[in-house]
Amino acid sequence: MPLDKDFYTNVFDVVKLIPKGRATSYGAIAKYLGASRSSRVVGWAMNQSIKNDSTIPAHRVVNRLGVLSGKIHFQTPNTMQEKLEVEGVVIVKDQIQKWKEVFWDPDVEL
DNA sequence: CTCTTGACTGGTT
DNA sequence: GAACCAGCCAAGA
């Protein structure tokens, strides 16, 4: 598929495809888009997505350890964890439990 | 244009 | 496992 338009747009498209109750990492998305060294930009894209497009489930994107490193960028620091818990994801101390099972790798699943 | 910051990652100590 | 370092790159001052 063509991925040459907007890096951000591609990131948003992938995030929208994350199944309910699953989550992925910034690096996984970056790798899928062929920019594995630009994971920080993926994080920035999420930051923009909240302002521009609230339909994007940014709460399903965490760092490679399954830690909710970006929770404070949501409307409230609880938003991210609560949304994930509603979808069946167990979180203890800002970290996703059974991360290996919850992890959704676009490079494998798509 | 330069400098700093940061929702990251991978490797080393 | 924690702490530190080096790449990486967009946005804002």
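Chain A is the first sequence line, chain B the second, and so forth, proteins listed ahead of strands; every chain is numbered from 1.
Between A:Arg40 atom CZ and B:dT9 atom C1' the separation is 9 Å, expressed in whole Å. We find that NZ of A:Lys31 is positioned 22 Å from P of C:dG7, with the value rounded to whole Å. If you measure from atom CZ of A:Arg60 to atom C1' of B:dA7, you get 17 Å, rounded to the nearest angstrom. Between the P atom of C:dA10 and the CG atom of A:Asn10 lies a distance of 14 Å, rounded to the nearest Å. Nucleotide B:dG6 holds its C1' atom 13 Å from the CD atom of A:Gln48, rounded to whole Å. Atom CD1 in A:Ile29 sits about 12 Å away from atom P in B:dC8, given to the nearest Å. When the P atom of C:dC9 is taken as reference, atom OH of A:Tyr8 falls 13 Å away, rounded to whole Å. Going from atom CG of A:Leu65 over to atom P of B:dG11 covers 13 Å, rounded to whole Å.
Counting non-hydrogen atoms under 4.0 angstrom, A:Ser25 reaches the backbone sugars and phosphates but no base. When heavy atoms are screened at a 4.0 angstrom cut-off, A:Asn47 is found touching base atoms of the nucleic acid.
Out of C:dA11, B:dA7, C:dC9, the shortest distance to the side chain of A:His73 is found at B:dA7.
Between A:Arg64 and A:Val41, the residue anchored closer to the 5' end of DNA chain B is A:Val41, taking for each the nucleotide with the nearest heavy atom.
Under a 3.5 Å cut-off, the side chain of A:Asn63 and the backbone N or O of A:Gly66 do form a donor-acceptor pair.
Residue A:Ser39 places none of its side-chain N or O atoms closer than 4.0 Å to OP1 or OP2 of B:dA7. Side-chain nitrogen and oxygen atoms of A:Tyr26 include none within less than 4.0 Å of the OP1 or OP2 phosphate oxygen of C:dC8.
The only option from A:Val67, A:Thr24, A:Ile96, A:Val102 that meets the side-chain contact (heavy atoms from CB on, under 4.5 Å) definition with A:Val62 turns out to be A:Ile96.
Checked for salt-bridge contact, A:Glu87 and A:Arg22 miss the test: no charged N lies under 4.0 Å from a carboxylate O.
For C:dG7, its base never sits under 3.5 Å from the side chain of A:Arg37 at any donor and acceptor pair.
Among all heavy-atom pairs drawn from A:Asp105 and A:Ala28, the shortest one is OD1-CB, 4.2 Å.
Judged purely by distance below 3.5 Å, without hydrogens or angles, the side chains of A:Asn78 and A:Thr76 never pair a donor atom with an acceptor atom.
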